[in-house]
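So the structure is just underneath, and the comments pick up after that.
Residue indices begin at 1 and follow the sequence shown.
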Amino acid sequence: MERHRLPRRTVVRGTVLVTGSLCLVLAGLATSPAGPRTSMTVAREEPEPVDVTVLNARFLEKRESKKDPEKVAVPQWSGDRAYLVPPAKNGRTDKSWAATPVKKMYQRLRGVRAGAKVTVTFDDSPSTANSCKATAATVGQSYTVEGSGEAGKHSYTTEAPPAGRKPSQWAEEGNWRTRTYEFTAKEDEPALTFVSETTSSDQTCGAMLTNIHIRQAPPPADKTRPKTNLPWAEAFKGNDPSDVKSAVEECDGKLDDCPFEVDKRYSYAYYDKARVIGEAYVNCTRNQIQHTRWFNYRERSFDSLAPTHAKEGLNLGSSAKLPTSGDPTLDDDAQSRVIARQIATGYERAYQVPWQWRTHSQRKITEIIEAGEVGWIEVQPGRQRVEGWLNQVGKYEDDAYRLYVTVDGPSLQVPDRIYQRTGPMSKDEKSRCKSDRPMASTPVDSDQPAASVAKATVPADPPPSGGTG
């Protein structure tokens with residue numbers, strides 16, 4: 001005998017409906033085109049090693065100083081100024097410029113996450129500056145390289161030039177060597193820092209560096225974090241950390257001020273844990289029961305901005321609040337705000353699927369419950385975790401804000417699962433079914449025959465039209 005029947009009209013797009021004690025799948029039509037521990041049921045492979053973008057890696061971009069044309073602020077790099085040496089004077093054949101740090105220069109590695117295995121390759125050579133004495137170049141020019149969060153720096157010394165030749169005599173060749181430095185990132189977007197250890201009073205007489213290339217083996221996405229405990233929001237201004245509030249204020253202007261870029265390596269669809277919707281219907285009768293009922297459920301979004309502001313003791317302006325309060329009226333209004341629109345637009349651009357901040361679903365089902373059994377409904381919502389960056393445009397990247405945000409909301413990429421279930425009663429339910437119905441005693445004349453009632457004292461209802469009485 002069929003245990004459950006689900007009317008065809010209740011099969012809807014975006015829902016998998018599962019019925020029966022054995023959970024037989026009836027339908028599953030998905031819409032077309034993502035602290036405490038919980039289970040995330042969608043598997044994801046560990047990301048493959050990838051290149052890391054290094055801004056101005058060959059120092060072709062420069063901003064000259066009026067006082068000292070050779071001493072410049074190196075665009076996309078922070079720290080002290082550096083001397084940039086053109087190809088005609090550094091011995092490079094690939095037209096790369098070279099940088100000689102005055103003291104230190106550093107750059108944040110965009111897209112590198114804590115736990116990533118990072119490999120840095122770069123070229124170095126002794127200085128070819130005319131003012132650099134041959135003895136200084138011959139003994140080698142030292143510097144250090146460090147990825148922020150590492151226990152210590154790694155020291156390098158340039159290879160000596162050909163014996164007996166002044167730097168000006170081998171400027172057309174240089175003495176370039178390729179170096180490799182490896183480290184494990186201890187924080188998101190670690191800083192890669194070069195520090196000159198030249199003791200010469202002539203600051204141009206230091207190691208030349210260029211052709212910086214970086215690859216990383218990213219850590220896998222952490223799918224153990226529940227939607228109520230998302231990673232903290234982070235912010236940077238250029239190559240330096242910033243407070244989140246300042247970044248939010250900079251991005252909360254026009255829609256195209258800070259486009260949202262989804263990091264697909266750490267964004268994914270998953271199924272939330274199942275929960276019971278509505279009542280459990282207990283059949284205490286000796287017969288099969290069939291009945292129809294409606295049930296509905298809501299899903300909302302969560303974000304990392306508001307909790308981060310609260311943690312830092314900052315007030316998140318109402319114009320920047322995302323539609324994640326759970327209040328339909330407030331969330332409908334918040335969807336039109338700039339940052340909410342930036343995130344929704346970036347998500348749709350990445351996946352060709354609209355982002356939805358909240359959903360409300362209503363279903364009508366027919367239950368057939370056998371005698372001595374219980375019927376109930378469970379839902380397992382499909383959700384989307386999205387991580388990415390709001391990147392400020394219109395400024396040099398070493399002066400622009402970047403705001404890292406995580407949102408988690410109802411997914412249009414995987415359908416919700418609805419389980420229509422029946423099963424045996426629990427011990428308590430069996431006990432309840434065996435209990436007496438509510439009654440009262442008859443304290444007077446309980447053993448007497450029933451009293452007679454005068455006939456036709458209450459007017460009878462007229463028979464239906466065309467019928468008989």
Side-chain angles (χ1 to χ4, degrees), residues 51-52 54-62 70-72 74 76-77 79-107 109 117-148 150-183 190-216:
D51 288 338
V52 176
V54 183
L55 304 176
N56 203 15
R58 295 167 57 201
F59 306 108
L60 301 179
E61 183 183 353
K62 49 194 176 296
E70 288 189 333
K71 186 178 180 182
V72 300
V74 183
Q76 318 307 352
W77 294 81
D80 303 293
R81 291 179 177 272
Y83 288 91
L84 291 185
V85 186
K89 294 183 180 181
N90 67 27
R92 301 287 300 189
T93 58
D94 59 359
K95 298 183 180 180
S96 294
W97 284 60
T100 298
V102 171
K103 186 58 181 175
K104 75 172 182 179
M105 64 182 193
Y106 60 93
Q107 182 179 138
L109 304 184
K117 308 293 184 183
V118 182
T119 301
V120 184
T121 59
F122 56 95
D123 298 341
D124 72 7
S125 171
S127 174
T128 58
N130 290 332
S131 58
C132 190
K133 295 179 180 180
T135 54
T138 300
V139 298
Q141 296 159 331
S142 298
Y143 62 94
T144 63
V145 183
E146 181 183 16
S148 61
E150 282 293 284
K153 304 175 182 179
H154 192 90
S155 297
Y156 295 88
T157 302
T158 58
E159 297 287 339
R165 299 181 69 184
K166 294 181 179 181
S168 59
Q169 295 176 309
W170 51 276
E172 294 182 359
E173 301 176 5
N175 198 33
W176 291 98
R177 297 289 186 273
T178 297
R179 308 289 192 176
T180 300
Y181 168 63
E182 296 180 342
F183 71 100
L192 178 67
T193 304
F194 293 92
V195 178
S196 173
E197 294 191 335
T198 299
T199 58
S200 172
S201 58
D202 182 1
Q203 294 179 333
T204 65
C205 192
M208 297 188 298
L209 307 170
T210 194
N211 196 32
I212 301 166
H213 181 72
I214 301 177
R215 284 181 66 80
Q216 67 158 326

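- The shortest heavy-atom contact between Phe59 and Thr210 is CE1-CA, 3.7 Å.
- Looking at His154 and Thr144, their side chains never come closer than 4.5 Å, going by heavy atoms from C-beta outward.
- At a threshold of 4.5 Å between non-hydrogen side-chain atoms, the residues Ser127 and Gln141 count as touching.
- Inter-residue side-chain proximity for Leu192 and Val120 is flagged as met; some heavy-atom pair is nearer than 4.5 Å.
- A cation-pi arrangement is present between Arg92 and Trp176, with the terminal nitrogen or guanidinium carbon under 6.0 Å from the aromatic centre and inside a 45° cone about the axis.
- Here the shortest heavy-atom pairing between Thr157 and Ser142 reads OG1-OG, 3.0 Å.
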Legend entry - Test side-chain contact (heavy atoms from CB on, under 4.5 Å) applied to Asp80 and Met105, step by step: CA-CA 6 Å; Asp80 303 293; Met105 64 182 193; over 6 Å; no
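- Between the side chain of Tyr106 and the backbone N or O of Glu146 there is no donor-acceptor pair closer than 3.5 Å.
- Remark: side-chain polar atoms of Ser148 are not paired, donor with acceptor, to backbone N or O of Pro190 under 3.5 angstrom.
- Here the CD atom belonging to Glu159 is positioned 10.0 Å from the OG atom belonging to Ser125, to the nearest 0.5 angstrom.
- No close placement of the Phe122 and Tyr181 rings is indicated, their centers lying 6.0 Å or farther apart.
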Inset, instruction - Please step through salt bridge (Lys or Arg N to Asp or Glu O under 4.0 Å) for the pair Arg179 and Asp124, ending with a clear verdict. - result: CA-CA 7 Å; Arg179 308 289 192 176; Asp124 72 7; 2.9 Å; yes
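- Here the side chains of Glu61 and Gln76 are in contact, with some heavy-atom distance below 4.5 Å.
- Using a 4.5 Å cut-off on side-chain heavy atoms (C-beta onward), Thr119 and Thr180 make contact.
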Inset, instruction - Could you please spell out the steps behind the side-chain contact (heavy atoms from CB on, under 4.5 Å) verdict for Val118 and Val52? - result: CA-CA 9 Å; Val118 182; Val52 176; 5.7 Å; no
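- Put simply, OH on Tyr83 and CH2 on Trp97 are 14.5 Å apart, with the number rounded to the nearest 0.5 Å.
- The two residues Trp77 and Asn56 have their closest heavy-atom pair at NE1-O, 3.4 Å.
- Using a distance-only test at 3.5 Å, with no hydrogens or angles considered, no donor-acceptor pair links the side chain of Asn175 to the main chain of Pro126.
- In this structure, the side chain of Ser196 does not engage the main chain of Lys103 through any donor-acceptor pair within 3.5 Å.
- Between the side chain of Arg58 and the backbone N or O of Ala98 there is no donor-acceptor pair closer than 3.5 Å.
- A salt bridge links Arg215 with Asp51: the distance from a Lys NZ or Arg NE/NH1/NH2 to an Asp or Glu carboxylate oxygen falls below 4.0 Å.
- Remark: side-chain polar atoms of Gln107 are paired, donor with acceptor, to backbone N or O of Leu55 under 3.5 angstrom.
- Distance check: Leu209 CG to Asn90 CG gives 11.5 Å after rounding to the nearest 0.5 Å.
- The nearest pair of heavy atoms linking Val74 to Ala82 is CG2-CB, 3.7 Å.
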